[in-house]
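Everything below concerns the one structure shown next.
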Amino acid sequence: MRQRFSISRLGTALGGAVAALSMASMSAFALQPISFESLTNLSICVGQSVDCNRHYIDRDSKGLGLYDEIQYQVSNNSDLADDEIELGFRSILDWAKEVRVIHSSGKQIVVMEAEDKDTRLRRTTLNTSDLEGAKLVFVKGRMFGVRRAMYEMPLTEDTLEKLGGRRVTFTWVRD
């Protein structure tokens, strides 16, 4: 006896196979480690509007993916104690972007997100003792509302010491 295999059943079977392969490859994806040296520090834009970042692209940027650019600015903040860091984040892009602070235990401490050209600056203040062994994780929005962690920046003891009492602002400007 000969069985018929319909096109719709074939499509369902193939769709399931593709989904299974996609899920398997996602678990194998490793975050790309970055440092402050991997990012672009724009002293030219300190204290200026977001438009300053929008029109500047560092063609020699190293460390991030081919199309990504995240800029950062560090400034003094007299309202902070020496053991505090004010973390800021914004994006000037359409697709969703996030920065997460992940504790050394793996617990998520902070999530700051922006999407749909919402360029508002988000800020939070953290104690450096809570950040020992922690990391910043930069996340990109993908199709169908999926968000994917792309870059991970360990917060080393040296980095935390240098940033104590300061404001650090990350701006995702190119994707």
Side-chain angles (χ1 to χ4, degrees), residues 22 25-26 28-77 80 84-104 106-126 128 130-131 133-156 158-160 162-175:
S22 295
S25 68
M26 284 178 71
F29 177 77
L31 292 175
Q32 181 177 337
I34 60 171
S35 65
F36 279 94
E37 289 76 26
S38 304
L39 306 179
T40 305
N41 186 3
L42 282 186
S43 59
I44 194 171
C45 291
V46 171
Q48 296 198 27
S49 72
V50 100
D51 290 338
C52 180
N53 289 334
R54 183 175 303 173
H55 299 296
Y56 182 91
I57 294 176
D58 179 8
R59 301 271 183 221
D60 298 324
S61 180
K62 294 174 179 54
L64 298 181
L66 186 60
Y67 300 105
D68 291 319
E69 183 177 353
I70 301 170
Q71 299 173 352
Y72 74 98
Q73 298 172 347
V74 178
S75 57
N76 292 324
N77 185 340
L80 295 174
E84 292 179 320
I85 296 172
E86 185 178 271
L87 183 64
F89 176 72
R90 68 179 165 195
S91 172
I92 62 171
L93 303 168
D94 286 336
W95 288 84
K97 302 289 182 273
E98 296 178 4
V99 65
R100 300 175 184 168
V101 180
I102 308 296
H103 188 267
S104 58
K107 179 183 173 192
Q108 191 167 275
I109 302 173
V110 172
V111 175
M112 290 186 281
E113 60 184 331
E115 63 183 313
D116 300 329
K117 288 194 177 184
D118 180 359
T119 63
R120 288 178 296 146
L121 181 61
R122 291 108 171 112
R123 292 202 179 279
T124 189
T125 302
L126 301 161
T128 55
D130 296 333
L131 299 176
K135 61 187 172 184
L136 297 176
V137 177
F138 295 89
V139 178
K140 292 172 73 167
R142 310 305 273 177
M143 291 181 71
F144 309 115
V146 173
R147 302 214 177 172
R148 181 175 178 187
M150 299 296 293
Y151 307 106
E152 142 181 309
M153 178 187 290
L155 295 172
T156 64
D158 182 51
T159 301
L160 293 173
K162 289 178 182 174
L163 296 178
R166 299 179 140 213
R167 170 183 290 160
V168 182
T169 304
F170 294 96
T171 305
W172 205 311
V173 298
R174 185 172 51 162
D175 178 2

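The shown structure was predicted, so the numbers you read here are calculated from the model rather than taken from an experiment. Residue indices begin at 1 and follow the sequence shown.
Applying the side chain to side chain contact (heavy atoms under 4.5 Å, CB included) criterion to E98, with sequence neighbours excluded, gives R100, V111, E113, V139, R147. With sequence neighbours excluded, the residues that form a salt bridge (Lys or Arg N to Asp or Glu O under 4.0 Å) with E86 are R123, R167. With sequence neighbours excluded, the residues forming a salt bridge (Lys or Arg N to Asp or Glu O under 4.0 Å) with K140 are D68, D175, listed by chain and number. Here D158 pairs with K162 under the salt bridge (Lys or Arg N to Asp or Glu O under 4.0 Å) rule; sequence neighbours left out. By the salt bridge (Lys or Arg N to Asp or Glu O under 4.0 Å) test, D118 pairs with R120, R122, sequence neighbours left out. Judged as a ring pair (Phe, Tyr, Trp, His ring centres under 6.0 Å), and not counting sequence neighbours, the contacts of F138 are F170. Taking N76 as the reference, R166 meet the side chain to side chain contact (heavy atoms under 4.5 Å, CB included) condition, with sequence neighbours excluded. For T156, the side chain to side chain donor-acceptor pair (under 3.5 Å) criterion is met by T159, not counting sequence neighbours.
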Exercise for review: Check step by step if side chain to side chain contact (heavy atoms under 4.5 Å, CB included) holds for W95 and M143.
Suggested key: CA-CA 9 Å; W95 288 84; M143 291 181 71; 4.1 Å; yes
Practice item. Just do the side chain to side chain contact (heavy atoms under 4.5 Å, CB included) check on L87 and L136 with the steps written out, would you? Key: CA-CA 10 Å; L87 183 64; L136 297 176; 4.1 Å; yes
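Rounded to the nearest 0.5 angstrom, E84 CD and L131 CG are separated by 11.0 Å. Within the model, atoms OG1 of T169 and CZ of F89 stand 11.0 Å from one another, a figure rounded to the nearest 0.5 Å. Note that CG of D116 and CG of D94 are 7.0 Å apart. Values are rounded to the nearest 0.5 Å. In this structure, CD1 in I92 is found 8.5 Å from OG1 in T119, a value given to the nearest 0.5 Å. Distance check, rounded to the nearest 0.5 Å: CG of L80 to OG1 of T128 gives 11.0 Å.
Judged purely by distance below 3.5 Å, without hydrogens or angles, the side chains of Q71 and E69 pair a donor atom with an acceptor atom.
No side-chain heavy atom of I109 sits less than 4.5 Å from a side-chain heavy atom of I102.
Among all heavy-atom pairs drawn from K97 and W172, the shortest one is CD-CD2, 3.5 Å.
Proximity of a side-chain donor or acceptor of S91 to a complementary backbone N or O of L93 within less than 3.5 Å is detected.
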